[in-house]
2 protein chains.
Amino acid sequence: MKSAAKAQQAEDSTDTGAQQIRDAIREAIVERRLSPGTKLSESDVGNLFNVSRTLARAALQALSYEGLVSVEKNRGAFVAYPSPEEARQIFSARRLVEPGILREAAARITPDDITHLRQLLLEEGRLMSERGQTARRAEIKASGDFHLTLAVISGNSIMQRFMEELVARSSLVIALYGQSTASSCGHSEHGDIVSAIEADELDRACQLMLHHIAHIEADLDLRERKSLGLKEAFEL
Amino acid sequence: MKSAAKAQQAEDSTDTGAQQIRDAIREAIVERRLSPGTKLSESDVGNLFNVSRTLARAALQALSYEGLVSVEKNRGAFVAYPSPEEARQIFSARRLVEPGILREAAARITPDDITHLRQLLLEEGRLMSERGQTARRAEIKASGDFHLTLAVISGNSIMQRFMEELVARSSLVIALYGQSTASSCGHSEHGDIVSAIEADELDRACQLMLHHIAHIEADLDLRERKSLGLKEAFEL
DNA sequence: GGCGGCCAGATTGTATACGATGTTTTGCAC
DNA sequence: GTGCAAAACATCGTATACAATCTGGCCGCC
């Protein structure tokens, strides 16, 4: 039972209440219920979660550090609106670290982990064939989770956190500049990578990963989409 | 005294006041004026910088996110005390990203950059031959600045921030587990790397970088230096 | 004498209050 | 109607206040 992909939930280090809010907003951003540029005023966020501005502020600050929201002095916080240059840097960083993470993960991977990955792929594929906003959002999340899970398996919590940030910001970039409506990742490519890992063909797996990232990047163009502002994003 | 208040610059990214405090504390940690495990109570920090707990808290939170301080719920903030496992992860991450950064940097490097790097090395060497706490601290900082500067040259601000975190945390690790008293980095190795870059021998530069990191790591004694957690202390 | 509970001090967690700084709107002159 | 200025508004920046929680010591009870 030493699946490396299990220790995820140990987070506690910072505050109490702010954490929840931060995670909720981050999830909303990653799933694209919150679009880039959406204003996140401290009061509004506080009211939404029934906490004071203090906690809302702390959450927004944390997200700002992750690059998911940008706070402008005396003006407010907004869901980050990555510039094309930032987008380039994000994917450059991913090309730089993901092969390395992949190698580390491959070195420590267990059968349990592979099972877990395959399960993720299955889920991803299922969501991909469905219709509707909800399925689409879940698919986006699942797609990112694949990359994230590799980082978890690598056993390096620092790289894991870093990948979390990169995946989240990628989602933002894709929301802004992605052309093909559907997924943030070619689904089949994920499967190919797992297969390559299973076959112990590390170099090929890395190549596949690089191609995969390149494919995502190739789907980008400079365009803009409409937001669905904060209130609609959270109420049921 | 506000000896720490030196930079009157108009920082912008996050808040106003908290930024200064965060930077001041971070610098103190990196230069090892603050030892791992030192308690940083919000009130004390606030008093030191003549601000309220609100700002002190924000600064500590930010540092917590960088992994330089660990805050324990309802107990307070402490200068991080990296475990051997964390130390391994930090250097593993460095091995993973620094060659990549090096390659990117080499691709974009300008003669000015090389001059800058050489100047850094000179300064580093000068400090190395001096005696005294102040020189030692400056040397530590300069040594880290070399790696950081490479990240700056790479032009990727995300990797730059990441390296900032890794270098800072490395300093903590070295403070805890380093054996050879002196520097955090073999100075000559830095020079060799620059030379290799200048000679366009990229692969060799990467190899040198890896060896360099390995050397730093080899100087560590990843055994406990102080308390080892009470449970581990009595079982085994 | 040892042990458990209770009270006091300290420290963090969260909320609210007030001042500072932009942004928008209004009103007036031209 | 247009343009500028000043006030009203909204929002953030920081400080302070109060509640919750932890720590450590004191005291009575066994």
Side-chain angles (χ1 to χ4, degrees), chain A residues 11-25 34 36-81 227 229-231 233-234, chain B residues 2 4-5 7-25 34 36-81 227 229-230:
Chain A
E11 291 283 335
D12 72 311
S13 37
T14 42
D15 300 311
T16 50
Q19 208 88 342
Q20 273 190 325
I21 300 170
R22 171 169 72 79
D23 292 342
I25 297 181
L34 283 170
T38 304
K39 171 154 188 151
L40 303 171
S41 99
E42 295 176 354
S43 319
D44 290 352
V45 171
N47 289 339
L48 256 177
F49 291 93
N50 293 317
V51 296
S52 75
R53 263 184 56 218
T54 306
L55 290 188
R57 181 188 188 76
L60 291 173
Q61 272 186 307
L63 289 166
S64 155
Y65 193 83
E66 298 179 45
L68 290 183
V69 317
S70 73
V71 311
E72 298 171 32
K73 193 176 149 95
N74 282 316
R75 286 188 29 79
F78 304 83
V79 178
Y81 199 103
S227 157
L230 180 56
K231 315 105 196 151
F234 279 103
Chain B
K2 329 193 177 165
Q8 298 274 47
Q9 301 254 0
E11 308 275 352
D12 66 303
S13 35
T14 36
D15 301 319
T16 49
Q19 205 89 342
Q20 273 191 336
I21 300 171
R22 171 170 72 79
D23 292 343
I25 297 181
L34 283 171
T38 305
K39 169 147 187 158
L40 302 171
S41 97
E42 296 176 354
S43 319
D44 291 352
V45 172
N47 289 340
L48 252 178
F49 292 92
N50 295 317
V51 296
S52 74
R53 265 184 57 218
T54 307
L55 289 189
R57 182 187 187 76
L60 291 173
Q61 273 185 298
L63 288 166
S64 154
Y65 196 82
E66 297 179 45
L68 290 183
V69 318
S70 74
V71 311
E72 298 171 32
K73 192 177 150 101
N74 280 318
R75 287 191 25 83
F78 304 84
V79 178
Y81 199 105
S227 74
L230 176 60

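Proteins come first, then strands; the chains are lettered A, B, ... in the order of their sequence lines, and each starts at number 1.
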Check the interface with nucleotides 15-18 of chain D: list each N/O to N/O pair with the protein under 3.5 Å, or write none.
unit_1, atom_1, unit_2, atom_2, d
dA15(D), OP2, Ser52(B), N, 2.9
dA15(D), OP2, Ser52(B), OG, 2.8
dA15(D), N7, Thr54(B), OG1, 2.9
dT16(D), O4, Thr54(B), OG1, 3.3

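For Lys39(B), the listed nucleotide lying nearest its side chain is dT12(C); candidates were dT12(C), dT23(D), dT21(C). For Arg75(A), the side-chain atoms get nearest to dG22(C) when compared with the rest of dG22(C), dT12(C), dC12(D).
Taking atom CD on Glu42(B) and atom P on dT12(C), their separation rounds to 5 Å, with Å as the unit. Taking atom CG on Asn74(A) and atom P on dA20(C), their separation rounds to 12 Å, with Å as the unit. Rounded to an integer number of Å, the gap from Leu60(B) CG to dG13(C) C1' is 14 Å. Atom C1' of nucleotide dT23(D) and atom NZ of Lys73(B) are separated by 17 Å, given to the nearest angstrom. In this structure, Glu72(B) places its CD atom 10 Å from P of dT23(D), rounding to the nearest Å. Taking atom CZ of Phe49(B) as the reference point, atom P of dT14(D) lies 14 Å away to the nearest angstrom.
Screening Val45(B), Leu48(B), Val71(B) for a side chain to side chain contact (heavy atoms under 4.5 Å, CB included) with Leu40(B), the sole residue that qualifies is Val45(B).
OP1 or OP2 of dC12(D) has not a single side-chain nitrogen or oxygen of Arg57(A) nearer than 4.0 Å.
Between the CG atom in Leu63(B) and the CD1 atom in Ile21(B) there is a gap of 10.0 Å [rounded to 0.5 Å]. Between the CD atom of Glu42(B) and the OG atom of Ser52(B) there is a distance of 10.0 Å, given to the nearest 0.5 Å. Taking CD1 of Ile25(B) as the reference point, atom OG1 of Thr38(B) lies at 11.5 Å (rounded to 0.5 Å).
In terms of heavy atoms, Glu66(A) sits closest to Tyr65(B) at CG-OH, 2.8 Å. When all heavy atoms of Gly46(B) and Ala56(B) are compared, the closest pair comes out as N-CB, 3.6 Å. Shown here for Leu60(B) and Ala77(B), the closest heavy-atom pair between the two residues is CD1-CB, 4.0 Å. Minimum heavy-atom separation, Arg22(B) to Ala62(B): CD-CB, 3.2 Å. Here the closest heavy-atom approach between residue Pro36(A) and residue Ala80(A) is recorded as CB-O, 3.2 Å.
The overall bend of the helix from dG1(C)-dC30(D) to dC30(C)-dG1(D), read as the angle between its terminal helix axes built from five base pairs each, is 20° when rounded to 10 degrees.
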